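What follows is a single structure, written as structure tokens, with notes after it.
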Amino acid sequence: MRFHFALTLWTSVCQAVQHYPAAWGHYDLCKFQIYTEEGLTWDYMACQPEAADMTQYLKVTLDPPNITCGDPPETYCALENPYMCNNECDANTEELAHPPKLMFDIEGRNPTTFWQSTSWQKYPKALLVNITLSWNKTIELTDDIVLTFESGRPEQMVLEKSLDYGRTWQPYQFYATDCLDAFTMEPKTVQDLTQHTLLDIICTEDYSRGYVWKYDKTVRFEIKDRFALFAGPRLHNMASLYGQLDTTKNLRDFFTITDLRIRLLRPATGATMVDEDKLTRYFYAISDIKVHGRCKCNLHANSCVFDKEKLGCECEHNTTGPDCGRCKKSYQGRAWSSGSYLPIPKGTANICIPNNIGPVIRPNVSSLGVANRKEARVCDNELLRCQNGGVCVNNVRCSCPSDYSGLLCEKSRCEAELGGCRGPDSGAALPPPPLRLLLLLLLSSTLLGGASAL
């Protein structure tokens with residue numbers, strides 16, 4: 001009977017996750033029930049939401065605010081032909097308007113829809129535009145950021161990121177037809193990066209050609225090429241990438257944002273000289289912006305909801321907060337910790353545990369002749385079950401496998417070593433047992449000794 005139940009349960013779990021290659025470790029389940037000698041209980045795992053198109057949840061802001069064309073109406077000339085001046089922009093006519101929302105609408109329409117700026121009528125003063133995308137939520141990028149331009153790609157541009165909701169900014173990448181001239185940087189491509197230089201900020205000339213390459217409309221920030229430095233060209237070895245993300249905070253933060261800012265510094269001109277007689281040839285026009293990612297939930301949630309114009313994680317593991325970044329009030333028995341991708345493929349949940357994990361009063365056990373016997377309840381229920389293969393010993397402590405430590409075997413021993421969990425050769429001494437565990441063992445020993453005397 002037990003075998004049949006366990007087999008049925010295991011089959012249902014396998015069916016729930018079999019659509020993912022095992023090596024990818026998508027971490028789509030936060031917990032599932034298993035049958036043990038002690039009965040039905042929960043097994044907790046690190047988990048994260050599925051990646052999605054994040055542009056449907058953002059707020060877009062333009063600076064200056066009146067930079068969108070159409071107020072007053074204006075007629076534009078084609079960049080490649082200064083005598084073809086039949087493109088009109090009028091904010092008060094729907095079919096002639098080009099508002100910012102058209103950067104995020106459905107692609108494939110005919111004619112193409114796009115946002116458009118005013119023309120460079122104030123030349124030689126720079127035509128500067130900041131396009132800020134805000135989520136009011138931490139986002140983990142999972143695919144390339146792609147911008148599609150409809151009137152030549154800018155000759156100078158910077159992509160920036162913020163991790164603190166737009167209070168401070170740092171560059172992601174510089175783009176120019178001439179990196180040395182524009183930013184005093186040597187031109188590079190993502191192919192020039194290595195595992196050791198992945199976090200370097202580069203200037204690339206790959207995406208800034210003028211109208212001669214008018215069918216090259218896209219500008220990219222290559223997320224997957226950077227992933228491939230650890231996971232291989234086809235991202236088959238995601239275990240290696242997840243291991244690096246788990247142990248290298250700077251790397252994890254590099255792919256994490258709350259806001260993106262596109263700084264357009266110089267429009268496409270298609271020539272070394274600007275035609276001052278036809279300045280309506282020069283402007284910015286963007287038909288599509290792609291940003292794929294997932295809500296950052298610190299590996300404590302597998303879903304994220306958009307409610308009241310705001311994204312939030314649906315937290316598991318007794319955590320709470322927009323990013324599941326703290327323990328619930330009654331579950332602060334130990335310090336909050338993010339989940340871990342390791343060990344592959346389930347990771348480590350690092351659940352928050354109840355505040356009261358100390359001794360509790362058991363009912364009288366008259367058959368043993370022991371009145372009001374006390375026992376430390378550490379690992380005899382689903383919330384305080386030993387993790388990572390640990391075995392509960394007399395409801396007092398967890399006997400942990402050699403690779404794990406902690407009250408509930410929740411910590412990899414290598415976390416305390418010099419260099420962290422970077423490999424099998426780290427050699428720092430193991431941390432001392434937690435004070436709470438020592439107190440529990442002492443209390444248990446004293447009580448059991450007293451019981452024996454009775």
Side-chain angles (χ1 to χ4, degrees), residues 54-55 58-65 67-68 100 103-104 115-118 120 122-135 139 141 143-193 197-210 216-223 225-226 253-269 274 282-291 293:
M54 301 308 295
T55 59
L58 61 77
K59 175 185 176 183
V60 59
T61 307
L62 271 64
D63 183 34
I67 196 64
T68 299
M103 291 186 280
F104 311 103
W115 164 81
Q116 185 171 319
S117 75
T118 58
W120 203 358
K122 294 183 180 179
Y123 176 86
K125 184 180 178 181
L127 182 60
L128 305 179
V129 182
N130 286 345
I131 302 173
T132 302
L133 314 180
S134 303
W135 284 271
I139 303 296
L141 299 173
D143 207 339
D144 295 358
I145 298 170
V146 184
L147 315 178
T148 304
F149 287 84
E150 288 299 321
S151 179
R153 298 180 290 191
E155 293 182 358
Q156 294 177 16
M157 184 188 110
V158 184
L159 181 65
E160 297 177 326
K161 61 169 283 188
S162 175
L163 259 175
D164 54 11
Y165 305 95
R167 287 186 286 274
T168 62
W169 296 89
Q170 54 190 301
Y172 243 160
Q173 193 151 287
F174 294 85
Y175 303 82
T177 52
D178 187 333
C179 286
L180 274 173
D181 179 62
F183 303 113
T184 64
M185 299 173 69
E186 290 285 347
K188 291 185 178 181
T189 69
V190 70
Q191 282 72 34
D192 295 321
L193 298 176
T197 62
L198 183 149
L199 303 183
D200 287 359
I201 308 303
I202 65 172
C203 178
T204 180
E205 297 176 355
D206 278 2
Y207 303 106
S208 304
R209 300 185 183 102
D216 292 339
K217 294 183 174 184
T218 59
V219 174
R220 310 178 77 91
F221 179 68
E222 306 93 338
I223 296 291
D225 284 343
R226 287 169 167 83
D253 287 348
F254 184 80
F255 298 109
T256 304
I257 62 172
T258 58
D259 305 75
L260 283 172
R261 185 162 68 186
I262 304 157
R263 294 180 57 206
L264 304 173
L265 305 179
R266 182 181 174 91
T269 63
V274 172
Y282 311 122
F283 53 91
Y284 304 109
I286 300 177
S287 62
D288 189 46
I289 297 179
K290 285 186 170 62
V291 182

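Not measured: the values here are computed from a predicted model. All values below were derived from every heavy atom in this structure, side-chain atoms included, with hydrogens, water molecules and symmetry-related copies excluded. For reference, positions follow the sequence shown, starting with 1.
- Residue K188 qualifies as open at atom NZ: its count of foreign heavy atoms under 6.0 Å is 12 or below.
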Let's go through V274 and Y123 carefully: what are the C-alpha distance in whole Å and the side-chain angles of both, what is the deciding distance for side-chain contact (heavy atoms from CB on, under 4.5 Å) to 0.1 Å, and is it a yes or a no?
CA-CA 9 Å; V274 172; Y123 176 86; 3.8 Å; yes
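- Considering CG of L147 and CG of L264, their distance stands at 8.5 Å, rounded to 0.5 Å.
- A distance-only check finds no donor-acceptor pair linking the side chain of D144 to the backbone of R220 [under 3.5 Å].
- Listed by chain and number, the residues in a side-chain contact (heavy atoms from CB on, under 4.5 Å) with D200 are L193, T197 (sequence neighbours excluded).
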Worked verdict on V219 versus V146 for side-chain contact (heavy atoms from CB on, under 4.5 Å):
CA-CA 6 Å; V219 174; V146 184; over 6 Å; no
Are L62 and W115 close enough, and set up right, to give a side-chain contact (heavy atoms from CB on, under 4.5 Å), and what steps lead you there?
CA-CA 11 Å; L62 271 64; W115 164 81; 3.3 Å; yes
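- Closest non-hydrogen pair, W169 versus L260, comes out as CZ3-C, 3.7 Å.
- Nearest approach of S117 to L127, heavy atoms of both residues: OG-CD2, 4.4 Å.
- Taken from CD in Q156 to CZ in F183, the straight-line distance is 5.0 Å, to the nearest 0.5 Å.
- Legend: residues meeting side-chain contact (heavy atoms from CB on, under 4.5 Å) with P64, ordered by chain and number and at least two apart, are N66, I67.
- Residues forming a side chain to side chain donor-acceptor pair (under 3.5 Å) with Y284 (at least two apart in sequence, or on another chain): none.
- Atoms SG and CD, on C203 and E186 in that order, are 10.0 Å from each other to the nearest 0.5 Å.
- Interatomic distance, CG of D216 versus CG of D206, reported as 10.0 Å (0.5 Å rounding).
- At least one side-chain heavy atom of Q173 sits under 4.5 Å from a side-chain heavy atom of T204.
- Residues passing the side chain to side chain donor-acceptor pair (under 3.5 Å) test with D164, sequence neighbours excluded: S162, T168.
- For Q191, the side chain to side chain donor-acceptor pair (under 3.5 Å) criterion is met by T189, not counting sequence neighbours.
- Annotation: side-chain contact (heavy atoms from CB on, under 4.5 Å) contacts of S134 (sequence neighbours excluded): T132, D259.
- Residue A126 comes nearest to L265 through the heavy atom pair CB-O, 4.5 Å, listed as atom of the first residue, atom of the second, then distance.
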I'd like to know whether T269 forms a side-chain hydrogen bond (donor to acceptor under 3.5 Å, both in side chains) with E155, so could you lay out the CA-CA distance, the side-chain angles of the two residues, the decisive distance to 0.1 Å, and finally the verdict.
CA-CA 8 Å; T269 63; E155 293 182 358; 2.5 Å; yes
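- For the atom pair CZ of R167 and CG of L163, the computed distance is 11.0 Å after rounding to the nearest 0.5 Å.
- The ring-ring contact (aromatic ring centres under 6.0 Å, His included) search around W135 returns none, not counting sequence neighbours.
- Residue S151 comes nearest to A268 through the heavy atom pair O-CB, 4.0 Å, listed as atom of the first residue, atom of the second, then distance.
- Residues forming a ring-ring contact (aromatic ring centres under 6.0 Å, His included) with F221 (at least two apart in sequence, or on another chain): Y172.
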Under the criterion side-chain contact (heavy atoms from CB on, under 4.5 Å), I'd like the reasoning laid out for R266 against W120: C-alpha separation, chi angles, the key distance, then a yes or no.
CA-CA 10 Å; R266 182 181 174 91; W120 203 358; 3.7 Å; yes
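- Residues that satisfy the salt bridge (charged side-chain N to carboxylate O under 4.0 Å, His left out) test with E160, not counting sequence neighbours, are R261, R263.
- Residues that satisfy the side chain to side chain donor-acceptor pair (under 3.5 Å) test with T55, not counting sequence neighbours, are D53.
- Applying the salt bridge (charged side-chain N to carboxylate O under 4.0 Å, His left out) rule to D253 yields the partners K249; only residues at least two apart in sequence or on another chain are considered.
- The two residues T218 and R153 make their nearest non-hydrogen contact at O-NH1, 2.7 Å.
- Separating the OG1 atom in T256 from the NZ atom in K161 is a distance of 6.0 Å, to the nearest 0.5 Å.
- Residues meeting the ring-ring contact (aromatic ring centres under 6.0 Å, His included) test with Y165, sequence neighbours left out: none.
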